[in-house]
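Here's the structure we're looking at; comments come further down.
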Amino acid sequence: MTVWIGIAVGCLGCYLLKLAGLSVPQGVLERPAVHRIAALLPVVLLAALIAVQTFSDGQSLVIDARAAGLAVAGVAVWRRWPFLVVVALAAVTTALVRQVVPGS
Amino acid sequence: MTSRNTSGGTADGEASDPETGWRLTRTQVLRDSMGVAVATGAYGISFGAIALAGGLNLWQTMALSLLMFTGASQFGLVAVLAGGGVPLAGAATAIMLGARNALYGLRLSEILRVGGLRRVLTAQLVIDESTAMSIGRDTDRAARLGFYATGVGVFVLWNIGTLIGAVGASWLSDPRALGLDAAAPAAFLALLAPRLRGRERWALALVAASVAVLAVPLVPVGVPVLLAGLVGAIAGLIPRRTASGRAERTAPTDPEPDPRPESR
């Protein structure tokens, strides 16, 4: 149930941001700091999500098979391979490492 | 500003007959838009699969693609929930990731000029892809076509893709055995890479990642990512004095679409 609350709040917030952009008069958001923050937020949030999702399990820090998957994904992104290839390679690598190293 | 406008822009300027010119432009714009929509739909498959692997059910996954409809935010919310974070931390992450859409809307409002019910519906289509395929066109007419063709096309195919991925993943007994828990960070990496232009962004990304990792043992699940958001906000508030700072201010605020490598 609480998951639905998170979804509802997230959806509403994201929609209102879209609507606000079309609705507010020019100039209200035309501040350099606003633009810079909006441009930088995806950078910091995505970087943090990558790190947390790869190296944490609940509240503990771990290095396991996911790190290998991320490393391979990094090479694939650097080689500009298609999105689905990047994601699939990370998953396959992680699954293979788990086969070889049980419990990782 | 964005590379995908290079092919379609000049057709109507050079044609002698304006109607013939518009037909050429329209074909080009529609072709570009469909390419983007197909690529994004393929990427919707991975969202559907990752959301199911992260513990959402089919209805929750579809609600996100239909109602939130902004890729990075959807992945962000799923990631926080999958890690065991409280739903409101997931929502906060999603909303921060969606903040850029407000600035896209600001740029689009003078092109689209919509009011009333049309604005209410149009707003949902304001995303990376529709913005990138709209701004930079030679005429407002072409810009509007690019926006709506891409927005509607991506909406339809993103949701079909999500459904396919979610249904497919729901047949798996253990998504972890297939490494699907590593698919999400890989997806984030692909989203992040095109935004890492310049040394400042690299540094900021590394600081944010470090802050988040160091905070993992200290604060509840989901909060480390919010702390990283704070890092970004503080960095954005520091005024820039250099020429590059001015350039960034007047630039169209990072209209960097979610990656669609298949069409490149």
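Every chain is numbered from 1 and lettered A, B, ... according to where its sequence line falls, protein lines coming before strand lines.
- Shown here for A/Gln59 and B/Val221, the closest heavy-atom pair between the two residues is CG-CG2, 4.1 Å.
- Ranked by heavy-atom pairs under 4.5 Å with chain A, the list B/Gly85, B/Ala193, B/Ser46, B/Gly90 is led by B/Ser46.
- Put simply, the side chain of A/Cys11 reaches to within 4.5 Å of the side chain of B/Leu64, judged on heavy atoms.
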Assess the residue pair A/Lys18 and B/Ile127 against the criterion (side chain to side chain contact (heavy atoms under 4.5 Å, CB included)); give the C-alpha distance rounded to whole Å, side-chain angles, the decisive distance to 0.1 Å, and a yes or no. CA-CA 8 Å; A/Lys18 293 173 174 179; B/Ile127 52 171; 4.1 Å; yes

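- Interface check for chain B: of the options A/Ala65, A/Ala20, A/Ala51, A/Ala76, the most heavy-atom pairs under 4.5 Å are formed by A/Ala51.
- The number of heavy atoms from other shown groups lying within 6.0 Å of CD1 (A/Ile63) does not exceed 12.
- For the residue pair A/Gly10 and B/Ile95, the shortest heavy atom distance occurs at O-CG1, 4.0 Å.
- Among all heavy-atom pairs drawn from A/Arg98 and B/Gly179, the shortest one is NH1-CA, 3.9 Å.
- Ranked by non-hydrogen atom pairs under 4.5 Å with chain B, the options A/Thr94, A/Val44, A/Leu19 are led by A/Val44.
- Two residues are said to be in side-chain contact when any heavy atoms from C-beta on lie closer than 4.5 Å; A/Leu49 and B/Pro185 fail this criterion.
- Looking only at heavy-atom pairs under 4.5 Å with chain A, the residue among B/Glu110, B/Met68, B/Gln74 that has the most is B/Met68.
- With a threshold of 4.5 angstrom between heavy atoms, B/Ile45 does not approach chain A through any atom at all.
- For a residue to count as touching a neighbouring chain, one of its non-hydrogen atoms must lie under 4.5 Å from one of that chain's; by this rule A/Val77 touches chain B with the side chain only.
- Under the 4.5 Å side-chain criterion, counting only non-hydrogen atoms from C-beta, A/Leu40 is in contact with B/Arg201.
- Chain B forms more heavy-atom pairs under 4.5 Å with one residue of A/Ala67, A/Ser23, A/Ala88, A/Pro25 than with any other, namely A/Ser23.
- Of the atoms belonging to B/Ser210, not a single heavy atom falls under 4.5 Å from chain A.
- Closest approach of B/Ala94 and A/Cys14 over heavy atoms only: O-SG, 3.6 Å.
- For the options B/Gly229, B/Gly84, B/Gly98, B/Gly83, heavy-atom pairs under 4.5 Å to chain A are most numerous at B/Gly229.
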Should B/Thr70 and A/Leu17 be marked as a side chain to side chain contact (heavy atoms under 4.5 Å, CB included) after you check the CA-CA gap, both sets of side-chain angles, and the distance that decides it? CA-CA 11 Å; B/Thr70 174; A/Leu17 281 167; over 6 Å; no

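- Looking only at heavy-atom pairs under 4.5 Å with chain A, the residue among B/Ala208, B/Ala123, B/Ala49 that has the most is B/Ala123.
- Distance check, rounded to the nearest 0.5 Å: CZ of B/Phe188 to CG of A/Leu70 gives 11.5 Å.
- The residue among A/Gly74, A/Ala68, A/Ala48 with the most heavy atom pairs within less than 4.5 Å of chain B is A/Ala48.
- Contacts between A/Thr93 and chain B at a heavy-atom distance below 4.5 Å are absent for every atom of the residue.
- Under the 4.5 Å side-chain criterion, counting only non-hydrogen atoms from C-beta, B/Pro217 is in contact with A/Leu61.
- Note on B/Leu56, B/Leu178, B/Asn101: by heavy-atom pairs under 4.5 Å with chain A, the leading option is B/Leu178.
- With a threshold of 4.5 angstrom between heavy atoms, B/Leu230 does not approach chain A through any atom at all.
- Here the shortest heavy-atom pairing between A/Val52 and B/Pro224 reads CG2-CB, 4.2 Å.
- Ranked by heavy-atom pairs shorter than 4.5 Å toward chain A, the options B/Leu66, B/Leu67, B/Val86 are led by B/Leu67.
- A/Leu45 approaches B/Thr93 most closely through the heavy-atom pair CD1-O, 4.2 Å.
- Side chains of B/Arg100 and A/Leu41 form no contact here, defined as non-hydrogen atoms less than 4.5 Å apart.
- In this structure, the side chains of A/Tyr15 and B/Val120 come closer than 4.5 Å at one or more pairs of heavy atoms.
- Side-chain contact check for B/Asp181 versus A/Gln53: every heavy-atom pair is 4.5 Å or farther apart.
- Contact annotation: the side chain of B/Leu189 never approaches that of A/Val86 to less than 4.5 Å [non-hydrogen atoms, C-beta and beyond].
- The most heavy-atom pairs under 4.5 Å with chain B, out of A/Leu89, A/Ile37, A/Leu22, A/Ile50, come from A/Leu22.
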